[in-house]
Amino acid sequence: MPNQSIQFFITINPLVGLPAKTLRLYSALEVFKEAYPSCDKPRWFRAPKRDALMKKIGFSKTDIDIGIRELIEADLLQIQEWQNTRWYCLK
């Protein structure tokens with residue numbers, strides 16, 4: 001197999017090249033997806049008081065903000081706000 005650039009692998013799997021904390025955040029959001037789904041919109045979920053819960057697994061507010069930004073930039077996460085609640089959708 002010829003040497004491939006990181007960009008090649010990113011096009012196949014956008015999780016490639018993301019920092020470890022961002023990958024951990026992605027996994028944590030997968031858990032929220034199962035535990036707090038939207039009744040109205042399939043694939044959308046909310047996260048409970050994200051700062052308090054995430055601190056328990058080692059994330060600071062800054063880690064969460066950076067991770068969310070990186071997931072959005074990698075086109076792996078969408079966020080919308082409705083009914084005064086922030087809703088997430090993992091791709």
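Just so it is clear, the values below take in all heavy atoms, side chains as well, and ignore hydrogens, waters and symmetry mates.
Using a 4.5 Å heavy-atom cutoff, the side chains of Asp63 and Leu25 are not in contact.
A salt bridge between Asp65 and Arg69 is absent, with no side-chain N of the basic residue lying under 4.0 Å from a carboxylate O of the acidic one.
Ala74 and Leu18 get closest at one heavy-atom pair: CB-CD2, 4.3 Å.
For the atom pair OG1 (Thr22) and CZ (Phe59), the distance works out to 8.0 Å, reported to the nearest 0.5 Å. Distance check, rounded to the nearest 0.5 Å: CD1 of Ile68 to CG of Leu76 gives 13.0 Å. Rounding to the nearest 0.5 Å places OG of Ser60 at 7.5 Å from CD1 of Ile66. Distance NZ/Lys91 to CG/Asp75: 3.5 Å, rounded to 0.5 Å. A distance of 9.5 Å separates CD in Glu34 from CZ in Phe45, rounded to the nearest 0.5 Å.
Transitive grouping of hydrophobic side chains (ILVMFWY, heavy atoms separated by less than 4.5 Å) brings Ile72 and Leu23 into a common cluster.
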Next on the checklist: Between Leu77 and Tyr26, does the side-chain contact (heavy atoms from CB on, under 4.5 Å) criterion hold? Intermediate values first, please.
Outcome noted: CA-CA 9 Å; Leu77 178 68; Tyr26 185 82; over 6 Å; no
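For the ring pair (Phe, Tyr, Trp, His ring centres under 6.0 Å) criterion with Trp44, the lone passing option out of Phe32, Tyr36, Trp82 is Trp82. Screening Gln78, Lys41, Arg46 for a side-chain contact (heavy atoms from CB on, under 4.5 Å) with Trp87, the sole residue that qualifies is Arg46.
In this structure, Thr85 contributes its side chain and Gln83 its backbone to a donor-acceptor pair below 3.5 Å.
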